[in-house]
Every structure is written in structure tokens, then in C-alpha cells.
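Take a look at the structure set out below.
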Amino acid sequence: MTNHTEEPLESEKKALNFIETIIEEDNLSGKHSGRVHTRFPPEPNGYLHIGHAKSICLNFGTAAKYGGKCNLRFDDTNPEKEETEYVDSIMEDVRWLGFQWDKEPYYASDYFQQLYDWAVLLIQKGLAYVDDQPQEEISRQRGTPTRPGIESPYRSRSVEENLDLFTRMKNGEFPNGSRVLRARIDMTSPNMHMRDPVMYRILHAEHHRTGDTWKIYPMYDYAHGQSDYFEGITHSLCTLEFEVHRPLYDWFLDQLIDTAYRPRQIEFARLNLSYTVMSKRKLLELVRSKIVNGWDDPRMPTIAGLRRRGYTPASIRAFADRIGVAKRDNVIDVGLLEFSIREDLNKTAPRVMAVVDPLKLVITNYPEGQIEEVELVNNPEEPESGSRTIPFGREIYIEREDFMVDPPAKFFRLGPGREVRLKGAYVVRCESFEADKNGVVQKVLCTYDPETKSGSGPKQPKVKGTLHWVEASTAVTAEVRLYDRLFMDEDPAGHKDQDALEFLNPDSLKVVSNCMAEPMLAHVQAGDKFQFQRIGYFCADPDTRPGKPVFNKTVGLKDAWAKMAQKDGQ
RNA sequence: UGCCCGAUGGUGUAAUUGGCAACACGUCUGACUCUGGAUCAGAAGAGUUCAGGUUCGACCCCUGAUCGGGCAACCA
């Protein structure tokens, strides 16, 4: 089913979520003879986001856990909004997350004929009728949540007339919006969805798969449950807003089938992430208005965006696992997502030397023109990853924020008279510095002690700080794109009078073009992930060209000093 | 002024057919460290929205209230 079943030990110990509880009860009662078959049913009208990832992990993961299957089904009943581009991106994203659907992808549009035949059946049973009224009138007659609706004057048409009209609707004899087919249920139902819901509307539109063969298209409510039925779905998992649709989901099935097998709709709470918007509409708006650079902008909560940002499938699966599933509304701290990717990359990402904001440091007593190779471990978390050498010399770059002219006592880095270790190399002492007329430091002058060479040196003094650095003459210039949250408000879409866009973070993207990196980074491939020592995790962007690497900051390392400094500042 | 759903530390999720609340993230200590990362050790933090009821015993069952969310596309 999927390549990523949990460790048996762990999954056995873990408490069941409410869906698993239902499944186990079903298995006990023999309801589906132990069969578990789920489906992930996206509408191909946009890119998948982290909220969908939750649903994907839930549907595929649950099926896998019980040795079942999971279908990928495109819910493509609205030709006006759906496009092949989205179908392709959705398949790519699901695969990338590490899941494999049963057989070929399914499409609700594959069932158009059967759905049509069943609609005819409903008409014959007197359970559906053609309504000639305009949309506004139908809407008015529907009533309100607190007021019952009234019946359409067309509600009691003869079966023959309904059949004739419906056939002609199908044949394209009527213009868009002129008629609909409605289920004949109960206009006084306290559940709005049961007040003679629309089953079919006339749409003279080009469908991405069926072209122009259909002039009428089924509505979600009429298509979904039956699609589940056709595919043998046992547990149809969807989000909470469909809870009130469930009676309708069951009603259609009740009228149409009499088998013992019946799919069951189960609702769970969708994912909300702090400092993030999750609706497709809002995301589309960000793309269209060019606030971000496309669906895969690394600031987007889309799967494509997270991928480009440097997130791994495993980290997203771990995240989905950690947040759990329940029915209550929830807001997950984005910090948890960040924790998940740090956890993964800490174990797997090679450590490299790169200076994001370079400040020149000259070792005045180091021989001019001399370059030596120093050895560095590739990943201390993974000893088998070995080590490499990088050049060291008289002139190097250090991080600008690692030097202070007048540092406080707790600043364990460089300042006049202070000593610090250059990771993998020597201990240096700051003798002086040069600044321009504005007081901006241009150069730090140090002396080094040749006896303190990392590992081999006879003197290994304890120093409070260790800095990362890059040798100047061999450094590779890299572009680095630093990302911060797109929104400054915890719940940007949660304000009644203000649009989410009012909370945009003006500094969500900072491009730094003169970063200095160790030589090997000239040859990275898009998607390569690294830990820039002491800074954070970075991922080579597709914009990378030979010798001209471009990196996206995936997430920063935890920074105890920054936290301390921030606290003192407050 | 209707119907449906929900309510457990800061956040999220548990507590398996009622036995005085667990785990993860976060927070705070301390140890270790040639990444102020990681790791390790420890701590604080909820008495389960409220009020009744059933029971020897209630997060769990019942009643009522409060609060929060959803529902009036020819969207999904």
C-alpha cells in the first residue's frame, strides 16, 4: 500500500484515534469482512496544501495500517474550475509524499453515465424533478436555517414530463441556468441540505476529460456517495463541514441501492496552522496578485512550496502523525511543523560552512598566500558520512553578527581582546578592527596560535565560542533566500473586518546575493539539503546554475543567544 | 431564533467497554559540547467549561446551561 508503515512496535503501543476505533469496531462486527478501503478525493482546482497532506496521510495511512487500499479520486464535477494542470500537480504531490494509490487514479467524471442513469431511476420513482425556476427563486424558496422552505410549483410534475425535460437538458436543448434537476425530499427539513437539493445543473462547458459530451453536471452531493459506492469505499473520510451533508449522502444511497455493503462518511477536523492561511481561495489570491511567486513559492503552505522550501516527505508524514485526528477545531503551532523538519534534517543533512552576512577577518600572523586544508566532519549525527577537507587561509569571512565592538559578557563570540575557535581550524584572538566613517565594521584583525590546530595541535584551550567561517580566496558566492512567515498575525483569516492580506509580513523574503560558501557548494543540485553550520537548514533551489548556487532557507537552527538577546531587549 | 458538531496543561492528542489524567511540541533548570544546534537529566504547568444527577467511585453515563464551530452556491 504505502512504503511507510510505522514500526510495528510503535503502532501497537499507540492509542487509536476515533476513526481507527470505528474501523476496529467494524472489523469486530464483521461489517465489511475486515476490508478497509479509503479514498483521497481532491477537486483538481488548485494545488494541494499541508491541510491536504493531513488528509492524505490519514487516508493512505489508515488503509495501510489495516492492510487495506486507498484510491486517489479526482472530484471533477465542476468543469468551470477544474484543470489538467492541477490533476498533474496533485498526482505528483501525493507520490512525493510517499503514497501510492490503488490501481489508476479514479475520476468522478468516469461515473457520469451511471450517475445519469441513476438520476433517471430517481425520477421514475418520483424522487426527483426538473425545476424551471431561476436560481434566485429557488434560493428564496429554500428558506433560511430558522425558517422552513416552500415547495416549488414544479415539484409535482409528472414522471413523463420530468423524464422528457431531463433528457432534453442532457441533450443540450436548454441554456445554462434555465433548469435543474432536484431531489424531492423535504422543503421543511431543519437541515438545509435536505430541502430538495440540486442534483444536476446545465453547464455548456468543456470538461477536462469528457470534453463537450455532457451538457449537465452532477453536484457534489449527488456524486460523492455514489462514487464511493462504485469504488467499494468502506470509510469515507472528509472534513467537518460535510457533517450536515451526511444525511443526504445516506439518503441517495438509501434510494438507489439495497446491498448490505454501504460506505460510511466520517468527518474529522481540518488542519489549521498558526500564521498561515489555508483556503484554496486565499492561496489562489496570493498567487494571482503576485504577492508570492507561484504555487511553489517556498513561503506557501502548499506541498509544492514546502518541497521547494526544503521540507522532506518524511518530515511532513511525521508532522501529520504528531498532530493526530479528532473532531474538535484546532490550530497547530507552525513551530511543530518546523520541529518536524529540523528533527529530520538534523539526522540527515550534511553540515557545511557558509557565511550569510560576510565580514572579513584577517589573521595578521598567518603566512600570506598560504592555504592549508583542514578536516571537518560531514555530519556528527551520522558518523558513517565521514569527513572532508576545506581550505583555510589568512583571510576568511565570518558572520557579521558574530562580532561586536562592545560585546556583553554573555556574548560568547568575537570582540576586541576576545578569543574564539574557528571551527576545525585554530583559536584566534581579536586584536583590533577597522570601521568606516559610519561606524560599520569593515574588517576584523586577529592573531592565531598555530599550536591550537583542531585535533592535532598541542594546545587545546577551552574557549567559550566556536565560529563558522569560509576562506576568502576560494569561497563560492551564493545567493541565499531567507524566508520568514508570510503573515504577522496568528490567525490572518480570522478577522471579521480585516482581510488576511492586511497582515502580510513585508519581510517574508530577504534575498542575500553575496553569501560566501565553501568550495564544494559550487556543485550542488536543486533539492540538495544542507545544514549551514550554526545557521540553519538550506535547500538548493531549482534556480541554481552551475557555479551559481541558490539556496532557500528551510528553517533556522534553534538559537539560544537570539532568544536571550530578545528577552533582555524586552 | 432552527438543526448538526465540539469542549482535557500554552498548543495538539490520549486515558480500550467508569478506578483520582498520559504523551508530544513549547517553556524553565542543569550537564555535556570545536554548531549557544543535537544529546542527556530534571522541573513547572490541567484536576478535564459550568451546575446538578446516577454510582462505592465520573474526563468517561444522564439532564440543563455556557462557550466555540458548521449549515441558507446551479462550489467542493
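Here is the naming used below: chain letters follow the sequence lines, and residue numbers restart at 1 for every chain.
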I want to verify a distance call: between U35(B), C74(B), A72(B), whose nearest atom is closest to the Pro145(A) side chain? A72(B)

If you count every heavy atom of other residues, nucleotides or ligands that lies below 6.0 Å from Arg147(A) atom CZ, does the total exceed 12? no

Is Arg142(A) near enough to C74(B) that one of its side-chain N or O atoms lies under 4.0 angstrom from OP1 or OP2? yes

Touch check for Ile332(A), heavy atoms < 4.0 angstrom, all strands: base, sugar-phosphate only, or nothing? sugar-phosphate

Considering only side-chain heavy atoms of Arg413(A), which listed nucleotide, U35(B), A76(B), G36(B), is closest? G36(B)

Please determine whether a side-chain nitrogen or oxygen atom of Lys464(A) lies at a distance below 4.0 Å from atom OP1 or OP2 of U35(B). no

Indicate, with a heavy-atom threshold strictly under 4.0 Å, whether Gln133(A) touches base, sugar-phosphate, or nothing. base

Please give the distance between the P atoms of G30(B) and G37(B) as a whole number of Å. 13 Å

Please state the C1' separation for the pair C4(B) and C40(B) - nearest whole angstrom. 50 Å

Taking the P atom of each, how far is A14(B) from G6(B), in whole Å? 13 Å

Looking at CG of Asn59(A) and CZ of Phe40(A), how far apart are the two atoms once the value is rounded to the nearest 0.5 Å? 7.5 Å

Indicate, with a heavy-atom threshold strictly under 4.0 Å, whether Pro380(A) touches base, sugar-phosphate, or nothing. base

Taking C59(B) as the reference, what is the distance to A21(B) when you measure between their P atoms (whole Å, please)? 9 Å

Determine yes or no for a side-chain-to-main-chain donor-acceptor pair under 3.5 angstrom, with Ser385(A) supplying the side chain and Glu382(A) the backbone. yes

Just checking Glu43(A): base, sugar-phosphate only, or nothing, at a heavy-atom cut-off of under 4.0 Å? sugar-phosphate

How many whole angstroms separate atom CG of Asp329(A) from atom P of G12(B)? 10 Å

OP1, OP2 of U8(B) versus side-chain N and O of Arg328(A): anything below 4.0 Å? yes

Which listed nucleotide (C74(B), G70(B), C25(B)) is nearest to the side chain of Gln135(A)? C74(B)

Side-chain atoms of Lys327(A) come closest, of G70(B), G36(B), C5(B), to C5(B)

Side-chain contact, heavy-atom cut-off 4.5 Å: Leu467(A) with Glu399(A)? no

Quick one: label Met219(A) by what it contacts on the DNA or RNA (base, sugar-phosphate, nothing), any heavy atom closer than 4.0 Å. sugar-phosphate

Using the purine O4'-C1'-N9-C4 or pyrimidine O4'-C1'-N1-C2 torsion, is A73(B) syn (within 90° of 0) or anti? syn

With syn meaning chi within 90° of zero and anything else anti, the base of G30(B) is anti

Checking A76(B), A14(B), C5(B) against the side chain of Ala326(A) (C-beta onward), the nearest is A14(B)

A72(B) to G64(B) separation - P atoms, rounded to the nearest Å: 27 Å

U11(B) phosphate, OP1 or OP2: any side-chain N/O from Ser274(A) under 4.0 angstrom? no

Closest of C71(B), C4(B), C28(B) to the Lys563(A) side chain is C28(B)

Residues Tyr129(A) and Asp196(A): side-chain donor-acceptor under 3.5 angstrom: yes

Base, sugar-phosphate, or nothing: which does Gly424(A) touch, judged by heavy atoms less than 4.0 Å apart? base

Donor-acceptor pair under 3.5 Å: do we get one between Glu24(A)'s side chain and the base of U16(B)? no

Starting the side chain at C-beta, find the nucleotide from A76(B), C3(B), C25(B) nearest to Glu82(A). A76(B)

Tell me whether the centres of the aromatic rings in Phe530(A) and Phe538(A) are closer together than 6.0 Å. no

Comparing Phe412(A) and Arg201(A) on RNA chain B - which has the more 5′ nearest nucleotide: Phe412(A)

Roughly, in whole Å, what's the span from CG in Asn330(A) to P in G26(B)? 18 Å

Taking atom P in both A44(B) and C23(B), what distance in whole Å separates the two? 13 Å

Arg322(A) side chain near U11(B) phosphate (N/O to OP1/OP2, under 4.0 Å): no

Closer than 3.5 angstrom, by distance alone: can the side chain of Tyr222(A) be matched with the main-chain N or O of Ala119(A) as a donor-acceptor pair? yes

Ser139(A) near the nucleic acid: base, sugar-phosphate alone, or nothing, with a heavy-atom cut-off under 4.0 Å? sugar-phosphate

Take a 6.0 Å sphere around CZ of Arg270(A) and say whether it holds more than 12 heavy atoms from other residues, nucleotides or ligands. no

Under-3.5 Å donor-acceptor pair between Glu267(A) side chain and G6(B) base: no

Between P of C5(B) and CD of Gln265(A), the distance in whole Å: 13 Å

Is the phosphate of C25(B), meaning OP1 or OP2, less than 4.0 Å from a side-chain N or O of Lys558(A)? no

Ile323(A) atom CD1 is separated from U13(B) atom P, nearest whole Å, by 9 Å

Interatomic distance where CG belongs to Leu248(A) and P belongs to C4(B) [whole Å]: 17 Å

Between CZ of Phe242(A) and C1' of A73(B) the distance, given in whole Å, is 13 Å

Can you tell me how far P in A58(B) sits from the matching atom in A51(B), rounded to whole Å? 14 Å

With P as the reference atom in both, quote the distance from U63(B) to A7(B) in angstrom, rounded to an integer. 16 Å

Nearest whole angstrom, please: distance from the P of G70(B) to the CZ of Arg246(A). 18 Å

Measure the spacing between OG1 of Thr146(A) and CE of Met192(A) and express it to the nearest 0.5 Å. 9.0 Å

Could you state the atom-to-atom distance from OH of Tyr217(A) to P of A73(B) in whole Å? 23 Å

Which listed nucleotide (U33(B), U1(B), C71(B)) is nearest to the side chain of His193(A)? C71(B)

